[in-house]
Amino acid sequence: ELVILELGRALAKANNRVVVVDANDICPSLAQLVDQPMLPNLPMAVDALRQRGGRLEDQLLAVAAGRFWLVGGLADPAQWIELRPRAVVDLVDELANRHHHVLTQVGPMVENLADYGGDRFGVARAVVGDSDSIVAVGMASPVGMARLAMWLADVRLLAPETALHLVLTRAPKDRFRRSELLERAQALEVREASVHLLPDDDRLERAAWNGELVKAGPFRRAVAELAAAVAPTQPRSRHHTAAATQGERIP
């Protein structure tokens, strides 16, 4: 989760208007990670867009330290059934019309369970399918790589041509193991995906504990390189990126 928040800050540094949306309907946590209130949040923003709950701008939380805006996630994950996937996509599209970059955090599951009653992972599927680029975040370990590979297989069915960026967190310093991870990542059938190793950094733990963004250090420098790959320097345009975390949770 800290990856998408830091990515939002990195993109906002170029005087871009950036919004981060917590559409993770399994374990929403972005607002808590930056010490923001639970309300307003995603359902309120959806209602505002449909002219039932006030102005859309009033539903955005200001993350001053990162110079970006945040749409908080569900106050209770059990409310997922109240979210219509199309309504969430419409919200993201409208935010993309008003801002330079919209980063949307989705849950780690994208299986199609609609035939079993209720589109349980419909929001993640819809957002991934609507995105201009996808950032897949996994742990830098053999288990993390295996989980990432399974998730990517489902994602490529939803978005076969979308630009893809693989991010492996808590990467070891050892050159041999880093080389092995890169080889495994590049062996995945993901076409011309960029691959990024984010270092293990004690600042992540402190940031999560204190409810703040990560302090300057190797993690932030690595995410800045990721931001350059996700949004290379070009004339201003609207861009929507979906991000999902696989494997163990990032604190």
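- Closest approach of Ala124 to Met109, counting heavy atoms only: CB-O, 3.6 Å.
- Within the structure, salt bridge (Lys or Arg N to Asp or Glu O under 4.0 Å) pairs that include any residue of residues 218-228 comprise Glu6-Arg220 (at least two apart or interchain).
- Nearest heavy atom pair, residue Thr162 against residue Ser131, reads CG2-O, 3.5 Å.
- In terms of heavy-atom proximity, Ser141 sits nearest to Leu181 at N-CD2, 3.9 Å.
- The salt bridge (Lys or Arg N to Asp or Glu O under 4.0 Å) search around Asp35 returns none, not counting sequence neighbours.
- For the atom pair CG (Leu168) and CG (Leu148), the distance works out to 6.5 Å, reported to the nearest 0.5 Å.
- A donor-acceptor distance shorter than 3.5 angstrom exists from the side chain of His100 to the backbone of Arg17, with no hydrogens or angles considered.
- When atom types are taken as modelled, the side chain of Asp200 and the backbone of Ala171 share no donor-acceptor pair closer than 3.5 angstrom.
- Remark: Asp25 engages Arg120 in a salt bridge (Lys or Arg N to Asp or Glu O under 4.0 Å) (not counting sequence neighbours).
- In this structure, the side chains of Ile26 and Pro77 stay at 4.5 Å or more apart for every pair of heavy atoms.
- Between the CG atom in Leu182 and the CG atom in Leu197 there is a gap of 4.5 Å [rounded to 0.5 Å].
- Looking at Arg156, its side chain does come within 3.5 Å of a backbone N or O of Ala159 through a donor-acceptor pair.
- Rounding to the nearest 0.5 Å gives a distance of 12.5 Å between CH2 of Trp69 and CZ of Arg98.
- For the pair Phe219 and Val214, the minimum side-chain heavy-atom distance is below 4.5 Å.
- Legend: salt bridge (Lys or Arg N to Asp or Glu O under 4.0 Å) pairs involving residues 61-77, not counting sequence neighbours: none detected.
- With hydrophobic clusters built from ILVMFWY side chains whose heavy atoms lie under 4.5 angstrom apart, Leu83 shares a cluster with Ile81.
- Salt-bridge annotation for Asp174 and Arg178: absent, with no side-chain N of the basic residue lying under 4.0 Å from a carboxylate O of the acidic one.
- With sequence neighbours excluded, the residues that form a side-chain hydrogen bond (donor to acceptor under 3.5 Å, both in side chains) with Arg203 are Asp201.
- The side-chain heavy atoms of Val88 and Val127, taken from C-beta on, include a pair separated by under 4.5 Å.
- Classification of Arg206 and Glu212 as a salt-bridged pair fails, no side-chain N sitting under 4.0 Å from a carboxylate O.
- Atoms CG and CD, on Leu70 and Gln59 in that order, are 12.5 Å from each other to the nearest 0.5 Å.
- By the 4.5 Å heavy-atom criterion applied to side chains, Val3 and Leu226 are counted as neighbours.
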Intermediate values then yes/no, side-chain contact (heavy atoms from CB on, under 4.5 Å), Leu56 and Leu91: CA-CA 9 Å; Leu56 179 56; Leu91 170 67; 3.6 Å; yes
Derivation and outcome, side-chain contact (heavy atoms from CB on, under 4.5 Å), residues His196 and Val223: CA-CA 8 Å; His196 304 266; Val223 174; over 6 Å; no
Stepwise side-chain contact (heavy atoms from CB on, under 4.5 Å) check, Val21 with Leu30: CA-CA 9 Å; Val21 179; Leu30 297 186; over 6 Å; no
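- Side-chain N or O atoms of Ser179 include none that pairs as donor or acceptor with a backbone N or O of Arg175 at under 3.5 Å.
- Atoms CG and CG, from Asp22 and Leu103 in turn, are 12.0 Å apart once rounded to the nearest 0.5 Å.
- In terms of heavy atoms, Leu61 sits closest to Gly72 at CD1-N, 4.3 Å.
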Derivation and outcome, salt bridge (Lys or Arg N to Asp or Glu O under 4.0 Å), residues Glu205 and Arg170: CA-CA 12 Å; Glu205 294 284 357; Arg170 298 193 182 282; 3.5 Å; yes
Verdict with reasoning, Val102 to Thr241, per side-chain contact (heavy atoms from CB on, under 4.5 Å): CA-CA 6 Å; Val102 179; Thr241 298; over 6 Å; no
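- Put simply, Met38 and Leu33 are part of two different groups of oily side chains (I, L, V, M, F, W, Y) that touch within less than 4.5 Å, one to the next.
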Arg125 vs Asp130, salt bridge (Lys or Arg N to Asp or Glu O under 4.0 Å): CA-CA, chis, key distance, verdict: CA-CA 9 Å; Arg125 291 169 57 81; Asp130 186 61; over 6 Å; no
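- Here the CZ-CD1 distance, from Phe68 to Ile4, works out to 9.0 Å after rounding to the nearest 0.5 Å.
- Counting only distance, with no hydrogens or angles, the side chain of Asp132 and the backbone of His240 share a donor-acceptor pair below 3.5 Å.
- Contact between His165 and Ala229 at its shortest, heavy atoms only, is CE1-O, 3.4 Å.
- The shortest non-hydrogen separation linking Val63 to Gln36 is CA-NE2, 4.3 Å.
- Shown here are the side-chain hydrogen bond (donor to acceptor under 3.5 Å, both in side chains) partners of Gln79, two or more places apart in sequence or in another chain: there are none.
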